[in-house]
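Since the structure is predicted, the reported quantities are computational estimates derived from the model, not experimental observations.
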Amino acid sequence: MKILFVCLGNICRSPTAEGIFQSLVNKAGLKDKVVVDSAGTSGCHVGERADSRMRDHAMARGYALTSISRKFDEHRDFELFDKIVVMDAVNYRDVLELGPKYKDKIFMMTDFCQSHSEEKVPDPYYGGAAGFEKVIDIVLDASEGLLEVIQKEL
Ligand code: 4NP
């Protein structure tokens with residue numbers, strides 16, 4: 001099972017989703033069965049580590065974010081991944097536009113939440129500390145839900 005998390009820059013939200021979900025996968029003993037990656041629709045930050053504010057907030061909660069930003073590749077990622085999980089409605093539109101025939105593989109991260117009612121993982125880039133904490137809260141909730149879904153499909 002291969003999961004790709006997608007946001008705009010691949011330096012805040014999707015690296016957090018990748019790091020947290022990978023950690024849950026490892027804890028569940030599924031490291032050999034689940035591949036986790038992340039990408040951005042914009043390509044503006046390609047080659048960069050995750051935003052240092054995002055890394056600091058994640059590390060304070062016990063999650064090391066190690067990904068390097070890359071651009072979503074419609075020629076490869078739609079075929080390679082089983083689920084493409086996006087952070088907001090703009091990501092959803094952008095990814096769907098690149099591959100309308102892959103609609104069944106594209107999911108909103110918040111659809112997997114069990115306790116949060118938000119309809120997106122809000123972009124924290126231009127905000128303060130609370131925004132980065134919120135990303136982690138929502139991503140943790142959604143990651144737990146996604147893991148349950150995947151465990152049934154393995
Ligand atoms: P991300 O956040 O999509 O969660 O990685 C952003 C990163 C960079 C920018 C916007 C959002 N930016 O405008 O450069």
Looking at every heavy atom in both [X] and [Y], which two are closest together, and how far apart are they?
X      : Y     : result
Gly19  : Leu65 : CA-CD2, 4.1 Å
Met108 : Ala89 : CE-N, 3.9 Å
Ala64  : Met59 : CB-CE, 3.5 Å
Gly9   : Ser69 : O-OG, 3.0 Å
Met87  : Cys7  : CG-CB, 3.7 Å
Met109 : Ala17 : CE-CB, 4.0 Å

Are [Y] and [X] connected in a single hydrophobic cluster, I mean Ile/Leu/Val/Met/Phe/Trp/Tyr linked by side-chain heavy atoms less than 4.5 Å apart?
X      : Y      : value
Phe112 : Leu154 : yes
Met1   : Ile84  : no
Leu147 : Ile20  : yes
Leu146 : Leu24  : yes
Ile106 : Phe81  : yes

Check your understanding: Quick check, are the ring centers of Tyr63 and Phe21 under 6.0 angstrom apart?
Key ->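 Distance test on ring centres: not under 6.0 Å, no.
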
Within the 4.5 Å heavy-atom criterion, are [X] and [Y] side-chain neighbours or not?
X      : Y      : result
Val85  : Ile3   : yes
Tyr102 : Val95  : no
Arg49  : Arg55  : yes
Phe78  : Phe72  : yes
Val86  : Val121 : no
Ile68  : Glu48  : no

Review point. So which pairs with a foot in residues 25-37 pass side-chain hydrogen bond (donor to acceptor under 3.5 Å, both in side chains), sequence neighbours left out?
Key: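 Every side-chain hydrogen bond (donor to acceptor under 3.5 Å, both in side chains) pair that includes a residue of residues 25-37, provided the two are not neighbours, is Gln22-Asn26, Asp37-Arg70.
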
Determine yes or no for a side-chain-to-main-chain donor-acceptor pair under 3.5 angstrom, with [X] supplying the side chain and [Y] the backbone.
X      : Y      : value
Thr110 : Glu119 : yes
Asp82  : Lys2   : yes
Thr41  : Asp94  : no

Point to revise | Distance-only polar pair, side chains of Asp88 and Asn91, donor-acceptor under 3.5 Å | key: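 Yes, because at least one side-chain N or O of Asp88 sits under 3.5 Å from a partner of the opposite role on Asn91.
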
Practice item. Say whether Ser38 and Asn10, considering side chains only, have a donor N or O and an acceptor N or O under 3.5 Å apart. Key: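 The answer is yes; a qualifying pair exists.
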
Side-chain donor-acceptor contacts of residues 131-143 below 3.5 Å, not counting sequence neighbours, with atom names and distances?
| from | atom 1 | to | atom 2 | distance (Å) |
| --- | --- | --- | --- | --- |
| Glu133 | OE1 | Arg61 | NH1 | 2.5 |
| Glu133 | OE2 | His57 | ND1 | 2.6 |
| Lys134 | NZ | Glu118 | OE2 | 2.7 |
| Asp137 | OD1 | Arg61 | NH1 | 3.4 |
| Asp137 | OD1 | Arg61 | NH2 | 2.7 |
| Asp141 | OD1 | Gln114 | N | 2.9 |
| Asp141 | OD1 | Ser115 | N | 3.2 |
| Asp141 | OD1 | Ser115 | OG | 3.4 |
| Asp141 | OD2 | Gln114 | N | 3.4 |
| Asp141 | OD2 | Ser115 | N | 2.9 |
| Asp141 | OD2 | Ser115 | OG | 3.4 |
| Asp141 | OD2 | His116 | N | 2.7 |
| Asp141 | OD2 | His116 | ND1 | 2.8 |
| Ser143 | OG | Val139 | O | 2.7 |

Exercise for review: To the nearest 0.5 angstrom, please state how far the CG atom of Asp73 sits from the CZ atom of Arg76.
Suggested key: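 Between atom CG of Asp73 and atom CZ of Arg76 there are 6.5 Å.
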
Exercise for review: Working to the nearest 0.5 Å, report the span between CG of Asp77 and NZ of Lys71.
Suggested key: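 The distance works out to 10.5 Å.
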
Exercise for review: List, by chain and number, the other hydrophobic cluster members for Tyr126, where Ile, Leu, Val, Met, Phe, Trp and Tyr join if side-chain heavy atoms come within less than 4.5 Å, directly or indirectly.
Suggested key: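 For the cluster that includes Tyr126, the remaining residues are Ile11, Tyr125.
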
Check your understanding: Around Glu74, counting heavy atoms of other residues, nucleotides and ligands shown, do more than 12 lie under 6.0 Å from its CD?
Key ->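 More than 12 heavy atoms, drawn from other residues, nucleotides or ligands, come within 6.0 Å of this atom.
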
Check your understanding: Heavy-atom count around Arg53 CZ within 6.0 Å, excluding the residue itself: above 12?
Key ->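 Atom CZ in Arg53 is packed in, count exceeds 12.
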
Exercise for review: Apply side chain to side chain contact (heavy atoms under 4.5 Å, CB included) to the pair Tyr92 and Lys103, showing each step before the final yes or no.
Suggested key: CA-CA 10 Å; Tyr92 187 90; Lys103 189 172 198 290; 3.7 Å; yes

Practice item. Apply side chain to side chain contact (heavy atoms under 4.5 Å, CB included) to Ser14 and Val6, showing your working. Key: CA-CA 5 Å; Ser14 59; Val6 175; 5.5 Å; no

Review point. Are the charged groups of Glu153 and Lys83 less than 4.0 angstrom apart, N to O?
Key: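 Between Lys83 and Glu153 there is a salt bridge, with a charged N closer than 4.0 Å to a carboxylate O.
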
**Study point:** Verdict with reasoning, Leu30 to Gln151, per side chain to side chain contact (heavy atoms under 4.5 Å, CB included)
**Key:** CA-CA 9 Å; Leu30 297 172; Gln151 276 172 318; 3.8 Å; yes

